[in-house]
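Letters A, B, ... mirror the listed sequences (proteins, then strands); counts begin at 1. FYI, side chains are in, hydrogens and waters are out, and symmetry mates aren't considered; it's all heavy atoms of this structure.
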2 protein chains.
Amino acid sequence: MTDDARWLDETEARAWLGYRRMFLLLNREVARDLAQECGLSEADYDVLSNLSGAPGDSIRLTKLAAHLKWSKSRLSHQLTRMQQRGLISREEHPSDARGAVIVLTEEGRRTIEEAAPNHVASVRRNFIDLLTPQQLAAFGDIAWSVVERLNEAAAPQKTS
Amino acid sequence: MTDDARWLDETEARAWLGYRRMFLLLNREVARDLAQECGLSEADYDVLSNLSGAPGDSIRLTKLAAHLKWSKSRLSHQLTRMQQRGLISREEHPSDARGAVIVLTEEGRRTIEEAAPNHVASVRRNFIDLLTPQQLAAFGDIAWSVVERLNEAAAPQKTS
DNA sequence: CCAGTGTAGTTGACACGTCACCATCTCCCC
DNA sequence: GGGGAGATGGTGACGTGTCAACTACACTGG
């Protein structure tokens, strides 16, 4: 904190430290809400949410990993834990013997549908409602412009 | 992602999902840089950085935890790992037998002084340089206003 | 001085994320 | 159609963060 300040100017340091602090507090709050109210982690929520929007409530592992911007390894571990809790299941891909297809179980569907309103309320309480519409718009622009630049840097070749 | 979109309007969803995505990518990049270039985690860096700014290169555990906004438990675990690597040491508090005083070792000082320029460069590369000064200023305002609101909510009683 | 309450810090169990590595399968080209 | 390159997905080890429970000490009122 103090070290950064010597090397970044005031505005830069304020932005960076603000980012770090905001993300520390905000993630903690949202994760706690989700855990206490729904018994889910943010990772669980993201996976379930993506699955419930997919056709047939199922999706290929690699595709899901790409969508979430997770590593395949991370997703595989996550799925193992979720499978043990009965939220998802793995099934064989009909035409590609390597492939696993991730399927939302009934319990998984019930869980995400119950969790979604709580989670949205939590996000409102801890983030959305703390800012003006102008600030939200500005924040969205800034965040996605950072994301785009980081994506370019990370994968300058892929077009799809 | 898709579930949120049904309950937040376009601007709100863009801000929230942008936040989540930015934080995912940005943390990954900065953490990777720090690990590869300096052999440190972000947590290591934060602790060392705070210690090196403290009088006598030492600080009480609870005070450091409050400063970092970490739980005492998290800090204790972190310090155990850092102690094993020789970056810090724990010493007895002269007047409070319960108290541990965290001290930066010589190696810890060398490490943080070597890491700081690399880390600042990484932060510039992955964040600061991707935004205009206006965006940085706006971002700082937004982030700290969220932080203040979350702090109020979490601890409405403490004044010091 | 001692009983009760609060504070400082630690610990164990567990969930999570990363890295490195592996087994398996597909695809393409000769 | 055989062989190598690349993709799919999983695993183990390890560092990290959280919660809950715990030890040990300090402080305060009787």
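Put simply, NZ on B:Lys72 is 13 Å from C1' on D:dT23, counting in whole angstrom units. As rounded to whole Å, 14 Å separates atom C1' of D:dT16 from atom CG of A:Leu24. Taking atom CG on A:Leu68 and atom P on D:dG9, their separation rounds to 14 Å, with Å as the unit.
With sequence neighbours excluded, the residues satisfying side-chain contact (heavy atoms from CB on, under 4.5 Å) with A:Ala43 are A:Ser41, A:Trp70, A:Arg74, A:Gln78. Remark: A:Gln83 pairs with A:Ile88, A:Arg90 by the side-chain contact (heavy atoms from CB on, under 4.5 Å) rule, at least two apart or across chains. For B:Arg110, the side chain to side chain donor-acceptor pair (under 3.5 Å) criterion is met by no residue, not counting sequence neighbours. Evaluation of the salt bridge (Lys or Arg N to Asp or Glu O under 4.0 Å) rule for A:Arg14 yields B:Asp141 as partners, not counting sequence neighbours. Applying the salt bridge (Lys or Arg N to Asp or Glu O under 4.0 Å) criterion to A:Glu42, with sequence neighbours excluded, gives B:Arg20. Under the side-chain contact (heavy atoms from CB on, under 4.5 Å) criterion, B:Lys63 pairs with B:Ile59, B:Arg60, sequence neighbours left out. Listed by chain and number, the residues in a salt bridge (Lys or Arg N to Asp or Glu O under 4.0 Å) with A:Arg124 are B:Glu12 (sequence neighbours excluded). Partners of A:Glu37 under the salt bridge (Lys or Arg N to Asp or Glu O under 4.0 Å) rule, at least two apart in sequence or in another chain, are A:Arg125. Taking A:Leu130 as the reference, B:Val146, B:Arg149, B:Leu150 meet the side-chain contact (heavy atoms from CB on, under 4.5 Å) condition, with sequence neighbours excluded.
When the side-chain nitrogen and oxygen atoms of A:Arg28 are compared with OP1 and OP2 of D:dG17, none of them lie within a distance under 4.0 Å.
Each of A:Trp70 and A:Arg98 was assigned the nucleotide of DNA chain C with the nearest heavy atom; the assignment lying further toward the 5' end belongs to A:Trp70.
Within residues 30-43 of chain B, the residues that have a heavy atom under 4.0 Å from DNA chain C are, in order of number, B:Arg32. For residues 73-92 of chain B, proximity to DNA chain D is found at B:Ser73, B:Arg74, B:His77, B:Gln78, B:Arg81, defined as any non-hydrogen atom under 4.0 angstrom from a strand atom.
Of all nucleotides in DNA chain C having an atom under 4.0 Å from a heavy atom of chain B, the first and last in 5' to 3' order are C:dG6 to C:dC19.
The aromatic rings of A:Phe139 and B:Tyr19 sit tilted, their planes meeting at an angle between 30° and 60°.
From A:Thr62, atom OG1 reaches atom CG of A:Leu75 across 8.5 Å, with rounding to the nearest 0.5 Å.
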